[in-house]
Amino acid sequence: MAFVSGFSGVSVAPTGVSRRAGVMEMSARPVSKKTMSAARLIAFAPIVSVAPALAEGTGEALGIDSNLLFLPLILIPVAFFVLFAQFGSQQNNEDFFGEKDDRRN
């Protein structure tokens with residue numbers, strides 16, 4: 001009960017039954033653009049600091065040192081996705097385990 005009595009909008013009676021003392025309201029001040037830009041900069045900093053770890057010693061993103069290597073990096077997953085989507089559209093959409101077989105009791 002000590003935990004519940006820590007809230008300002010709730011008071012605890014000696015019997016252990018809580019009753020409402022008042023209406024709890026939530027309000028916030030508008031945030032300035034300067035504060036938001038600082039918050040974005042702070043949130044972006046960890047991403048930038050981890051980026052060299054993904055370079056694998058080449059100094060390039062994902063260790064790719066030639067722009068031509070981005071072609072298979074993009075095309076192969078896209079090709080597999082297209083093939084899988086085409087395969088999935090041809091499949092039977094029935095629930096295999098959900099149907100009752102009338103031949104069995």
Side-chain angles (χ1 to χ4, degrees):
M1 289 308 193
F3 175 74
V4 175
S5 65
F7 293 110
S8 63
V10 176
S11 64
V12 178
T15 60
V17 178
S18 63
R19 58 188 165 99
R20 247 173 137 50
V23 178
M24 296 175 66
E25 293 181 1
M26 188 171 160
S27 63
R29 293 178 293 159
V31 181
S32 68
K33 288 185 179 183
K34 184 178 179 182
T35 306
M36 284 301 292
S37 61
R40 287 184 187 132
L41 183 63
I42 291 171
F44 187 66
I47 297 169
V48 174
S49 65
V50 174
L54 302 175
E56 299 176 359
T58 61
E60 301 289 332
L62 299 174
I64 297 175
D65 56 354
S66 173
N67 288 339
L68 195 56
L69 292 175
F70 279 108
L71 193 64
L73 181 70
I74 301 297
L75 288 181
I76 292 173
V78 168
F80 275 103
F81 175 76
V82 168
L83 290 173
F84 181 75
Q86 186 179 20
F87 168 76
S89 67
Q90 296 172 356
Q91 295 302 306
N92 195 355
N93 289 332
E94 296 176 9
D95 187 11
F96 180 76
F97 294 104
E99 296 180 9
K100 181 178 183 256
D101 191 7
D102 291 331
R103 297 176 292 169
R104 301 183 191 255
N105 292 334

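The first residue in the sequence is number 1, and the count goes up from there.
- A side-chain hydrogen bond (donor to acceptor under 3.5 Å, both in side chains) check over residues 33-42, counting only residues at least two apart or in different chains, returns the pairs Ser32-Thr35.
- Identified under the side-chain hydrogen bond (donor to acceptor under 3.5 Å, both in side chains) test for residues 62-90, with sequence neighbours left out: none.
- Grouping Ile, Leu, Val, Met, Phe, Trp and Tyr by side-chain contacts under 4.5 Å, direct or through others, leaves Ile42 on its own.
- Around CG of Leu68, the count of heavy atoms belonging to other residues, nucleotides or ligands within 6.0 Å does not exceed 12.
- Every residue meeting the side-chain contact (heavy atoms from CB on, under 4.5 Å) condition with Leu73, not counting sequence neighbours, appears here in chain and number order: Leu62, Ile64, Phe70.
- Through ILVMFWY side-chain contacts below 4.5 Å, Phe81 is grouped with nothing and stands alone.
- Residues Pro72 and Pro77 approach most closely at O-CD, 3.8 Å, considering heavy atoms.
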